[in-house]
Amino acid sequence: MPAFAQRWALPLLVALAPACGAPPPPNFDWFPALAELHAQQDLSLPMPGLRAGFDPTTAVTEPAVGDEIVYVLDLDVPPTSERWFLHFFVQEPADAKDLVTMAVRVYDADGEERGRGRERVHRRHLSSGLYRAAEVLSVGPDGGVPADEAVQILSDGVSSMIAVLSIVRHNEDLAPLLWRVVERPSVWSVVTNLGVRTDITLSRSVPWDGASMGWHGQGLRTPLAVRFNGRPALDCSIATVPPNAPVHVCAGILSLVASRPGDSGITLKMTAVSARRRGPPAQ
């Protein structure tokens with residue numbers, strides 16, 4: 001089977017959308033070109049009390065208070081570029097509803113704190129991660145996983161990804177950055193569809209080597225396309241590893257590259273540069 005011939009479409013967030021013919025499946029010609037954007041050169045962290053690098057991997061998947069990860073977020077909107085640092089850490093353990101309280105601190109390129117926030121995330125989403133879904137996608141329909149089980153695994157994986165990105169999306173300092181990359185639906189599209197239908201389509205995962213960003217271990221890179229009301233909105237390449245400590249607090253998502261469809265050159269990179277177990281958060 002040719003690369004990316006197998007696609008899985010997951011319609012999400014349907015808002016009063018009428019029944020209509022399914023749009024043609026997206027192609028993934030852009031996916032190979034995004035591979036080099038996952039590499040992260042040596043980087044020191046300008047924030048006091050935080051250092052780059054990853055603690056040794058363990059089989060632990062249960063988030064504990066103080067477990068943390070730091071991402072560097074690079075936004076390119078030609079001719080300008082911006083850099084931000086995102087510090088996520090577990091502030092409160094899972095409660096009776098299985099919700100973990102994650103805190104986020106936002107820093108600019110000079111290490112100056114620019115904002116704070118909190119998000120409650122389901123522990124199971126952090127523990128399950130996206131990697132198992134990427135494994136299913138890497139072998140295709142002949143990989144021995146029944147179709148109904150594969151759909152459930154993919155749905156769980158996408159839920160994990162959304163849970164992690166919700167920490168960014170719900171932060172008032174970071175959300176505007178995401179909207180500078182996403183191709184928003186037009187007013188006419190919203191009116192004629194009586195809302196916004198979001199479709200997430202995944203395709204064949206490929207092996208990924210994270211050594212260039214300081215990670216040593218198996219990984220997979222997965223293409224993901226987002227459409228609003230049938231129109232391309234975002235192309236993503238996501239590099240994931242098994243969600244074991246110290247990367248369990250980010251569901252095993254080590255790198256995400258998102259680009260606006262077309263030739264705009266607008267891209268956003270979110271790359272993990274540090275992950276620690278039970279490290280005390282910066283004061």
Q: Can you find a heavy atom in the side chain of Leu126 that is under 4.5 Å from one in the side chain of Val164?
A: yes
Q: Check the pair Leu202 / Val158 against side chain to side chain contact (heavy atoms under 4.5 Å, CB included), numbers first and verdict last.
A: CA-CA 9 Å; Leu202 302 161; Val158 171; 3.8 Å; yes
Q: With clusters defined by side-chain heavy atoms of hydrophobic residues (ILVMFWY) lying less than 4.5 Å apart, directly or transitively, does Leu37 cluster with Phe31?
A: yes
Q: Identify, with sequence neighbours excluded, every residue that meets salt bridge (Lys or Arg N to Asp or Glu O under 4.0 Å) alongside Asp98.
A: Arg123
Q: Short question: side chain of Ser159, backbone of Ser155 - any donor-acceptor pair under 3.5 Å?
A: yes
Q: Taking all atoms of both residues into account, what is the closest heavy-atom pair of Trp30 and Ala225, and its distance?
A: CZ2-CB, 4.4 Å
Q: Does Ala96 have any side chain to side chain contact (heavy atoms under 4.5 Å, CB included) partners at least two apart in sequence or in another chain, and if so, which?
A: none
Q: Identify the two heavy atoms, one from Asp173 and one from Arg114, that lie closest to each other, and give their separation to 0.1 Å.
A: OD1-O, 3.6 Å
Q: Tell me, do Ile266 and Pro78 make a side-chain contact under 4.5 Å, heavy atoms counted?
A: yes
Q: Taking only residues two or more places apart in sequence, or in another chain, which ones meet His170 in a ring pair (Phe, Tyr, Trp, His ring centres under 6.0 Å)?
A: none
Q: What's the spacing between Thr271 OG1 and Ile253 CD1 if we round to 0.5 Å?
A: 12.5 Å
Q: Of all heavy-atom pairs between Val136 and Ala150, which one has the smallest distance, and what is that distance?
A: CG1-CB, 3.9 Å
Q: Taking ILVMFWY side chains as joined if any heavy atoms are under 4.5 angstrom apart, and letting links pass through other members, which residues group with Tyr131?
A: Leu220
Q: State which residues pass side chain to side chain contact (heavy atoms under 4.5 Å, CB included) with Ala163; sequence neighbours excluded, sorted by chain then number.
A: Val121, His125
Q: Return the set of residues passing side chain to side chain donor-acceptor pair (under 3.5 Å) with Ser128 (not counting sequence neighbours), or none when no residue passes.
A: Ser160
Q: Once you round to the nearest 0.5 Å, how far does CE of Met102 lie from SG of Cys250?
A: 8.5 Å
Q: Tell me the side-chain hydrogen bond (donor to acceptor under 3.5 Å, both in side chains) pairs involving residues 47-57, sequence neighbours left out?
A: Asp55-Arg276
Q: Under the rule for side chain to side chain donor-acceptor pair (under 3.5 Å), what residues qualify as partners of Glu112, not counting sequence neighbours?
A: none
Q: What's the spacing between Leu268 CG and Met270 CE if we round to 0.5 Å?
A: 8.0 Å
Q: Tell me, please, which residues at least two apart from Tyr71 pass ring pair (Phe, Tyr, Trp, His ring centres under 6.0 Å).
A: Phe88
Q: Considering residues at least two apart in sequence or located in another chain, which fulfil the side chain to side chain donor-acceptor pair (under 3.5 Å) criterion with Trp215?
A: none
Q: If you measure only the distance, is there a donor-acceptor pair under 3.5 Å linking the side chains of Ser138 and Ser205?
A: no
Q: So, does Thr101 use its side chain to make a donor-acceptor pair with the main chain of Glu92 at under 3.5 Å?
A: no
Q: Roughly how far apart are Lys269 NZ and Asp76 CG, rounded to 0.5 Å?
A: 7.0 Å
Q: Under 4.5 Å between any side-chain heavy atoms of Leu75 and Trp84, yes or no?
A: no
Q: To the nearest 0.5 Å, what is the distance between CG on Leu130 and CD1 on Ile153?
A: 12.0 Å
Q: Quick one, Arg227 and Thr201 - any side-chain contact, counting heavy atoms below 4.5 Å?
A: no
Q: Work out which heavy atom in Thr222 is nearest to a heavy atom in Ser203; give both atom names and the distance.
A: CG2-O, 3.9 Å
Q: For residues Val100 and Leu165: do they belong to one hydrophobic cluster (side chain heavy atoms under 4.5 Å, members Ile, Leu, Val, Met, Phe, Trp, Tyr)?
A: yes
Q: Does Phe85 have its ring centroid less than 6.0 Å away from the ring centroid of His87?
A: no
Q: Treating Ser127 as the side-chain partner and Thr61 as the backbone partner, does any N or O pair qualify as donor plus acceptor under 3.5 Å?
A: yes
Q: Between Ser274 and Leu45, is there a side-chain heavy-atom distance shorter than 4.5 Å?
A: yes
Q: List the atom pairs, with distances to 0.1 Å, where a side-chain N or O of residues 236-249 and a protein N or O form a donor-acceptor pair under 3.5 Å, not counting sequence neighbours.
A:
unit_1	atom_1	unit_2	atom_2	d
Ser237	OG	His38	NE2	2.8
Ser237	OG	Arg221	NH1	2.8
His248	NE2	Asp67	OD2	2.8

Q: Residues two or more places apart in sequence or in another chain: which of them pass side chain to side chain donor-acceptor pair (under 3.5 Å) with Arg124?
A: none
Q: Measure the CG-CD1 distance between Leu50 and Ile69 for me, rounded to the nearest 0.5 Å.
A: 12.0 Å
Q: Would you say the side-chain atoms of Arg204 pair up with the backbone N or O of Leu137, donor to acceptor, closer than 3.5 Å?
A: yes
Q: I'd like to check Leu86 versus Ile167 (side-chain heavy atoms, cut-off strictly below 4.5 Å). Are they in contact?
A: no
Q: Could you state whether Leu99 and Met161 fall into the same hydrophobic cluster, counting links through intermediate Ile, Leu, Val, Met, Phe, Trp or Tyr residues with side-chain heavy atoms under 4.5 angstrom apart?
A: no
Q: Distance only, no hydrogens: is a donor on one side chain within 3.5 Å (strictly under) of an acceptor on the other, for Gln152 and Asp156?
A: yes
Q: Verify side chain to side chain contact (heavy atoms under 4.5 Å, CB included) between Val104 and Glu119, making sure each step is shown before the conclusion.
A: CA-CA 8 Å; Val104 58; Glu119 183 74 12; over 6 Å; no
Q: Report yes or no: do Val77 and Leu234 belong to one cluster of Ile/Leu/Val/Met/Phe/Trp/Tyr joined by side chain heavy-atom distances under 4.5 Å?
A: yes
